Protein chains: 2
Amino acid sequence: MRPTVHDIASRAGVSLATVDRVLNRRPGVSARTREKVDQAVHELGFVRDVAAANLAKGRTYPLTFIIPSNDNSFMRGLRVALDEARVRAGVERIAIRLVDVPAFDAAALAMALRAAAAAEPAGIAFVAVDAPEVAAAAAEIVAAGIPLVTLVSDLSGAERDHYAGIDNAAAGRTAASLLGRFSGGGKGKVAVLAGSMLVRDHRERCEAFAAVMAQDFARLSVLPVLEGRDDPAVVEQMVSGLFSGLEEIVALYSLGAGNRGLVKALERVPARLRPVVVAHELTETTRGALQAGLIDAVLNQDAGHEVRSAIRVLKAKADGLSVVAAQERIRIDIFLKDNLP
Amino acid sequence: MRPTVHDIASRAGVSLATVDRVLNRRPGVSARTREKVDQAVHELGFVRDVAAANLAKGRTYPLTFIIPSNDNSFMRGLRVALDEARVRAGVERIAIRLVDVPAFDAAALAMALRAAAAAEPAGIAFVAVDAPEVAAAAAEIVAAGIPLVTLVSDLSGAERDHYAGIDNAAAGRTAASLLGRFSGGGKGKVAVLAGSMLVRDHRERCEAFAAVMAQDFARLSVLPVLEGRDDPAVVEQMVSGLFSGLEEIVALYSLGAGNRGLVKALERVPARLRPVVVAHELTETTRGALQAGLIDAVLNQDAGHEVRSAIRVLKAKADGLSVVAAQERIRIDIFLKDNLP
DNA sequence: CTGTTAGCGCCTTCAA
DNA sequence: TTGAAGGCGCTAACAG
C-alpha cells in the first residue's frame, strides 16, 4: 500500500494539517518541523495522490488557448481538437478558454498573452509568433509562475515551459529527401511556398529544406521562397504564375497552409508537366490531392495530439509533476496515398 | 457544477446508498425505484466521477500482459515499455502482471489466456497468434466480461475489444511505394524478407506489398519471399546469397525482425550494387544503417504508445467508459535519416 | 506555529 | 428493499 498523509504525520510526529502545509509549501511551519516532515516523506517514498487532492480542493484547471484567427484547415482542425477536449473537460477537471488573435501579429499576441495571464489561469498555451515583444510577454508569464506552452510554432529562447509541436527542421529535411528521391535523377527547379517567414516553424522548415537540397540534391536548384500568407487565393495565383513561366519546375514544397489554392492550380497544370509535390497538413484538400496523385506526400502534425499533449503538460506543470517525455513528443506523420488513416 | 450523487438522491427522493446500488447495477432495488433513479441520472446528465469512485473503492486495476518470449529488439522494447508503465503504476492505480509464452505457439497462448483470466484481472492484453484455439480462448474471456486487447498482432474475427497495433496492410503498401519511387525508373528484381508467413502481421504486410508492386511498379519484379525466422544469422546468410547471385536486385523489403543480419550482409555489398532498402522497427541497428545509408527508410511502431494505449483502453473498458478513438490509433512512423528522433 | 474537524464525491458495511 | 453512517487521501477553515 502506498503511504498516505497519515503515515507521514505519525512518522513525523505532527498533525495532518502540518503535513499538508509542508507538502503544499504553505507558510507557517518552523524550519525544524518542515525538516521532520520532509524526512518522513523521503523515507516513506510518499507521493501525493493527485486525484484525491483535486477532489478535496474541488479543483478545476482553467486553461487558456490563444489561437490565430486564421481561416485555414489546419487552424480549424486545431479548434475542432479544442472542442473535443472541451467535451471531456468535466472528467478531466479542466475549463478551456479560447482566445483569438490576428494571425502573424506579434503586438496583438503579446497583448493577448498579458490579458490571459491577468486572469490567472492554471496554464496558457499559444501559437507563437517569434518576435521580441512576444518573448517579453512570455517571460513575464513564466516569471509569474504560470505554466506556459507553445503550440505548433515555437518561440526562440527559453521563455516557455514546453513546446507542443513537431521538429520543423526535421520536417523540412524530410520533405527535401522525399522530393529529391521522388523526382528521379534529372535536373530542374524546385519551388518553395511558405506562409510567412515571420513564424518560426515556416522559417525552420524552409532553411532545413534548402540545406538538404543543397547538400544531397545539387542537381535541383531551389527557387526563391514565395510567401502566400497561408491564403488559398494568394497561393493559387502564385502557383499558377510558376507554371505559366518558362522555367521547368520539377518539384514543389508547400510548407505552409492554403493548400486549397495550391491544388486548384495544380489541377490546371498539364499532366506531363506536373511536379513532384510535398505539402504539409492532412486536410480534406490534401487527402484528395494525395489520392488523385496531385500531391505525392503530406507531412502532418496531429492537432488532436498537440492539444491533448499541451493539456497534459499544463496540468502536470500546474501540479509540479513531471511528464512522460516520449509521450509528449509530437511526431511528424508522413502520409502517402497508401497509408491514409 | 457537475451533478453529484447527492443531487440524484434528492431528485429521485431516495438515499445515497440506493443511488449507488442503481449506478453500479447491484441487486436489491425495486424496479420502480431503479427507474426513478435512472430518470434523475438522465435528466441531470449525471456522470460519475471515476477518480472519486476509485478513491472510495481503493481500487487498483490488475492488468495482465501476455508477451512472447522472443528475443528480438522489438519484443525487448515492448518489455521496456511495460517496465516504464510499471513505474507509473502507483499513480495510475494499475498493477501490471507480465506473462511469458513461447513464441508462435497457439496452444500455449490459449492456455496462458485461460490461466490469466482465472485470476480475474481488470483486463488482459496479449500479442495474438492467429489461430482457432486462441480465438476460442479469447471468446471465452470476452464472454466472461473481462476487457481484452490484442497487442501488435491481431486476431481474426471480433473476439476482442480492441487492437493496439498498426495497420499492417497499410505498412506493406507504404513500403512498396517508397521502394518503388526511391529506386528510380529502371527495371530489376525486388527481394522480400519475412520472419514467418505463419504470423498474421507479416502475411498482411507481404500481401499488401506485393499488390502495390504489381499495380504501380510493374517494371520491378518481386522475388519469392524469403523466411528468415527473425533470426539474424539466418537472415545474414540469405541476404548474402541474394547478392552473390547473378540477378540484379535493386530493392529489398525486410518486413520482419533480425535486421542485424541484414545490415551485416548489406555492409559487404559493393556500394554500386546496393539496393534500396526498407525495413521495419527502429532499433539501434536500423538507426545506424539509416544514418550510414544502408537502409533508406524504416517503418516503425512505437511500443511505448502501444502499451500506453492498451492500458488506457483496458481501464476505460473496465469502467465502461468510451475511449478517444483518434488517440488510440497506433501510427506507422516512417523514418528517413532526416527525421530520426 | 500547530492541531482539530469537517468535508470533496463516491462506496460499503451494518441496521432497519 | 431501503437508509444512515463512516471512510478513501487530501485540503481548508477555524481554533488554540
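Proteins get letters first, then strands, A, B, ... in listed order; numbering begins at 1 in each. Because the structure is predicted, anything quoted here is derived from the model rather than measured.
What you find for A:L148 and A:L314 is that their closest heavy atoms are N-CD2, 4.2 Å.
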* To do: Would you sort out whether A:S153 and A:D201 count as a side-chain hydrogen bond (donor to acceptor under 3.5 Å, both in side chains), showing the intermediate values?
  => CA-CA 5 Å; A:S153 190; A:D201 50 350; 3.2 Å; yes
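For A:T18, a side-chain nitrogen or oxygen approaches OP1 or OP2 of C:dG3 to under 4.0 Å. Not one side-chain nitrogen or oxygen of B:T33 sits closer than 4.0 Å to the OP1 or OP2 atom of D:dT1.
Remark: the A:Q39 side chain and the A:E43 side chain contain an N/O donor-acceptor pair separated by less than 3.5 Å.
A salt bridge links A:D319 with A:R59: the distance from a Lys NZ or Arg NE/NH1/NH2 to an Asp or Glu carboxylate oxygen falls below 4.0 Å. Between A:R48 and A:D20 there is no salt bridge, since no side-chain nitrogen of the basic residue lies less than 4.0 Å from a carboxylate oxygen of the acidic one.
Summarising the geometry, the separation between CD1 on B:I8 and P on C:dC11 is reported as 12 Å, rounded to the nearest angstrom.
Partner B:Q301 forms a side-chain contact (heavy atoms from CB on, under 4.5 Å) with one of B:I166, B:D333, B:I332 and no other, that one being B:I166.
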* **Protein-to-nucleotide contact annotation, 5' to 3' order, nucleotides 6-16 of chain D [B base; S sugar-phosphate only; - none; under 4.0 Å, heavy atom]** => -BBBBSB----
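Within the nucleic acid shown, B:V14 comes within 4.0 Å of sugar-phosphate atoms alone, with no base atom in reach, counting heavy atoms only.
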